[in-house]
Chemist: 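Sharing a structure below in structure tokens format, with a few things to ask.
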Amino acid sequence: MIREEFAIFLKKLKTANDNGQDIGAIVKEHEHRNVYFYNDGSIKKILASEKNLMLTTDLINAALNLVGSDRISIDVQHENNDSLYSDRQVLYVARLTGSMEKTGDFTPLENLHVVSFQFFDAFKGSPNYLHTVQLRNQEQRVYFERQTVTLIEVNKFLKHAEQFAGDRSRIAQWLRAIDTLNRETDFSEFAGDPVFRVLQNEVKLCNSSARYMLSNMMKDIDKSYWEYGAARKKAKEVAKNFLLDGLPIEMVARNMGLPQSTVLELKKEIDSPDT
């Protein structure tokens, strides 16, 4: 599911739970669907599981282009409210760094790599979607090489898919695979990769209990849910115009952030207007 679809599903689950209804039955009804990968609770369940160490290692190595590290943190940010994201990120890194100090005994700090998937531009105008941030002096020499923040601008990569079509890096493959699973479209391009086959199974909604979803996946859902109606209506209007202009269904779905099934229905409406 895309983020907004997942928000609606979780809202339905919460409402049923508040009304004393069978929430397990709702999960059963949607068990063939995928969770939204970039949900905080989804990422924790999938990547923090010991059995999925192969997945986590592959993703981190893809993002950082390295093998092995002492301490790694994965972060997802959907909104840049009041442009406070950079402030929050610096504070977050400072807290992680501070937690390394042992009381009464200062020792050399561990390596720290923070990988942040974000859905807004960190560097507007930059042609890059992957950014490495470190402390540097005016000569661009690294001051402290054991601390790195890697910013991955997911929206930039997806919205400019044609621009990055030639990017065959592992992180680009991950972003495409995750997007395909979120939109629940044809996954055959990635099915031959053993890591992505595991990912395809792990995002299945049936792998998460109703209680886990209620307690760990509800963060930021209300805002997404209430904003969804107006945004989706506008997106469908624009998508219809794109279809009328002859753009391919898959391209329209990707650029408008709509499920391919929704765009197919819009295409049917255009091809078979009511008489």
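We use all heavy atoms of the structure for the numbers below, so side chains are in, but hydrogens, waters and symmetry mates are not.
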Chemist: Please determine whether the number of non-hydrogen atoms from other residues, nucleotides or ligands lying under 6.0 Å from atom CZ of R170 exceeds 12.
Modeler: yes

Chemist: Go through it in stages, so that I can follow the logic: the residues are K240 and E237, the test is salt bridge (charged side-chain N to carboxylate O under 4.0 Å, His left out), and I'd like the CA-CA distance, side-chain angles, deciding distance and then a yes or no.
Modeler: CA-CA 5 Å; K240 265 192 173 183; E237 290 174 356; over 6 Å; no

Chemist: Quick one: closest heavy-atom pair of S208 and M213, and the distance?
Modeler: O-CE, 3.5 Å

Chemist: Verify, without hydrogens or angle tests, whether N19 (side chain) and Q21 (backbone) share a donor-acceptor contact under 3.5 angstrom.
Modeler: no

Chemist: Taking atom types as modelled and ignoring hydrogens, do the side chains of T185 and Q260 form a donor-acceptor contact shorter than 3.5 angstrom?
Modeler: no

Chemist: Any chance you could lay out the side-chain contact (heavy atoms from CB on, under 4.5 Å) test for E189 and T180, step after step, and finish with the verdict?
Modeler: CA-CA 10 Å; E189 176 185 351; T180 300; 5.8 Å; no

Chemist: Of all heavy-atom pairs between V115 and I152, which one has the smallest distance, and what is that distance?
Modeler: CG1-CD1, 3.8 Å

Chemist: Minimum heavy-atom separation for P127 to Q163, with atom names?
Modeler: O-NE2, 3.5 Å

Chemist: If only side-chain N and O atoms count, and only distance matters, is there a donor-acceptor pair under 3.5 Å linking Y129 with D167?
Modeler: yes

Chemist: Specify whether F6 and Y36 have parallel, tilted or perpendicular ring planes, treating 30° as the upper limit for parallel and 60° as the lower limit for perpendicular.
Modeler: tilted

Chemist: Compare all side-chain heavy atoms of E162 with those of M251 and state whether any distance is below 4.5 angstrom.
Modeler: yes

Chemist: Is there a path of hydrophobic side-chain contacts, each under 4.5 Å between heavy atoms of I/L/V/M/F/W/Y residues, joining L247 to V263?
Modeler: yes

Chemist: Does the side chain of T150 reach to within under 4.5 Å of the side chain of V114, using non-hydrogen atoms?
Modeler: no

Chemist: Ignoring hydrogens and angles, tell me if any N or O in the side chain of R197 forms a donor-acceptor pair with the backbone of A191 under 3.5 Å.
Modeler: yes

Chemist: Between M1 and L205, is any pair of side-chain heavy atoms under 4.5 Å apart?
Modeler: yes

Chemist: Checking E202 against N207: is there a side-chain donor and acceptor pair closer than 3.5 Å?
Modeler: no

Chemist: Is V238 reachable from V252 through a run of I, L, V, M, F, W or Y residues, each pair having side-chain heavy atoms under 4.5 Å apart?
Modeler: yes

Chemist: How far apart are the C-alpha atoms of I171 and L59, what are their side-chain angles, what is the distance that settles it, and do they pass the side-chain contact (heavy atoms from CB on, under 4.5 Å) test?
Modeler: CA-CA 7 Å; I171 189 60; L59 175 58; 4.1 Å; yes

Chemist: If hydrophobic clusters are built by linking Ile, Leu, Val, Met, Phe, Trp and Tyr wherever their side-chain heavy atoms come under 4.5 Å apart, do I74 and L91 end up in the same one?
Modeler: no

Chemist: Drop me the distance from H113's NE2 to S73's OG, to the nearest 0.5 angstrom.
Modeler: 12.0 Å

Chemist: Heavy-atom count check: over 12 atoms from other residues, nucleotides or ligands less than 6.0 Å from Q134 CD?
Modeler: yes

Chemist: Check whether V90 and L112 end up in the same hydrophobic cluster, where Ile, Leu, Val, Met, Phe, Trp and Tyr are linked by side-chain heavy atoms less than 4.5 Å apart.
Modeler: no

Chemist: What's the separation between atom CD in E5 and atom CG in N34, rounded to the nearest 0.5 Å?
Modeler: 10.5 Å

Chemist: Taking the basic N atoms (NZ, or NE/NH1/NH2) and the acidic carboxylate oxygens, is any pair closer than 4.0 Å for R88 and D75?
Modeler: no

Chemist: Can you confirm whether V76 sits close enough to D40 that some side-chain heavy atom of one is under 4.5 Å from a side-chain heavy atom of the other?
Modeler: no

Chemist: Closer than 3.5 angstrom, by distance alone: can the side chain of D186 be matched with the main-chain N or O of S188 as a donor-acceptor pair?
Modeler: yes

Chemist: Any heavy-atom pair between the side chains of I178 and L199 that's under 4.5 Å?
Modeler: yes

Chemist: Could you tell me the separation between the CE atom of M100 and the CG atom of N111, rounded to the nearest 0.5 Å?
Modeler: 8.0 Å

Chemist: What is the minimum heavy-atom distance between L243 and K267, and which atoms define it?
Modeler: CD1-N, 3.8 Å

Chemist: Would you kindly check if the NZ (Lys) or CZ (Arg) of R176 is within the cone defined by 45 degrees around the ring axis of F187 and under 6.0 Å from the six-membered ring centre?
Modeler: no

Chemist: Any salt bridge between E184 and R33, counting N to O under 4.0 Å?
Modeler: yes

Chemist: Answer yes or no: is there an ion pair linking R254 with D179, defined by an N-O contact shorter than 4.0 Å?
Modeler: no

Chemist: Just by distance, do the side chain of N52 and the backbone of L55 share a donor-acceptor pair under 3.5 Å?
Modeler: no

Chemist: Taking S49 for the side chain and K45 for the main chain, is one N or O donor matched with an acceptor at less than 3.5 Å?
Modeler: no

Chemist: Kindly indicate, with the supporting measurements, whether the criterion side-chain contact (heavy atoms from CB on, under 4.5 Å) is fulfilled by N137 and Y143.
Modeler: CA-CA 7 Å; N137 73 352; Y143 175 69; 6.0 Å; no

Chemist: May I ask you to decide if M54's main-chain N or O and T57's side chain share a donor-acceptor pair within less than 3.5 Å?
Modeler: no

Chemist: Do you reckon V149 sits in the same ILVMFWY cluster as F144, going by side-chain contacts under 4.5 Å, direct or chained?
Modeler: yes

Chemist: Are side-chain heavy atoms of V195 and F190 found at a separation under 4.5 Å?
Modeler: no

Chemist: Quick one: pull up CG in N17 and CG in L10 and give me the separation to the nearest 0.5 Å.
Modeler: 12.0 Å

Chemist: Over 60° means perpendicular and under 30° means parallel, so tell me whether F196 and W174 are parallel, tilted or perpendicular.
Modeler: perpendicular

Chemist: Quick one: are R211 and I23 in side-chain contact, heavy atoms under 4.5 Å?
Modeler: yes

Chemist: Is there a donor-acceptor contact under 3.5 Å from the side chain of N216 to the main chain of S42?
Modeler: no

Chemist: Let me confirm one number: the CG-CD1 distance from L13 to I26, rounded to the nearest 0.5 Å.
Modeler: 5.5 Å

Chemist: Indicate yes or no for a side-chain donor-acceptor contact from K156 to the backbone of F120 under 3.5 Å, with no hydrogens or angles considered.
Modeler: no

Chemist: Between K28 and E31 (salt bridge meaning N to carboxylate O under 4.0 Å), is one present in this structure?
Modeler: yes

Chemist: Could you give the distance from CG (L151) to CD (Q77), rounded to the nearest 0.5 Å?
Modeler: 10.5 Å

Chemist: Please report the C-alpha distance between T97 and Q147 in whole Å, then the side-chain angles of each, then the deciding distance to 0.1 Å, and finally whether the side-chain hydrogen bond (donor to acceptor under 3.5 Å, both in side chains) criterion is met.
Modeler: CA-CA 9 Å; T97 304; Q147 188 175 90; 2.8 Å; yes

Chemist: Who pairs with E29 by salt bridge (Lys or Arg N to Asp or Glu O under 4.0 Å), at least two apart in sequence or on another chain?
Modeler: K12

Chemist: Examine the side chains of S116 and Y92 and answer whether a donor and an acceptor come within less than 3.5 Å of each other.
Modeler: no

Chemist: Heavy atoms, side chains only, cut-off 4.5 Å: are H30 and F9 in contact?
Modeler: yes

Chemist: Does the separation of the ring centres of H131 and F123 fall below 6.0 angstrom?
Modeler: yes

Chemist: Please enumerate all residues that pass side chain to side chain contact (heavy atoms under 4.5 Å, CB included) together with N241, with sequence neighbours excluded.
Modeler: L244

Chemist: Report the C-alpha separation of F37 and I46 in whole Å, then their side-chain angles, then the decisive distance to 0.1 Å, and conclude whether the side-chain contact (heavy atoms from CB on, under 4.5 Å) test is met.
Modeler: CA-CA 9 Å; F37 178 84; I46 295 171; 4.0 Å; yes

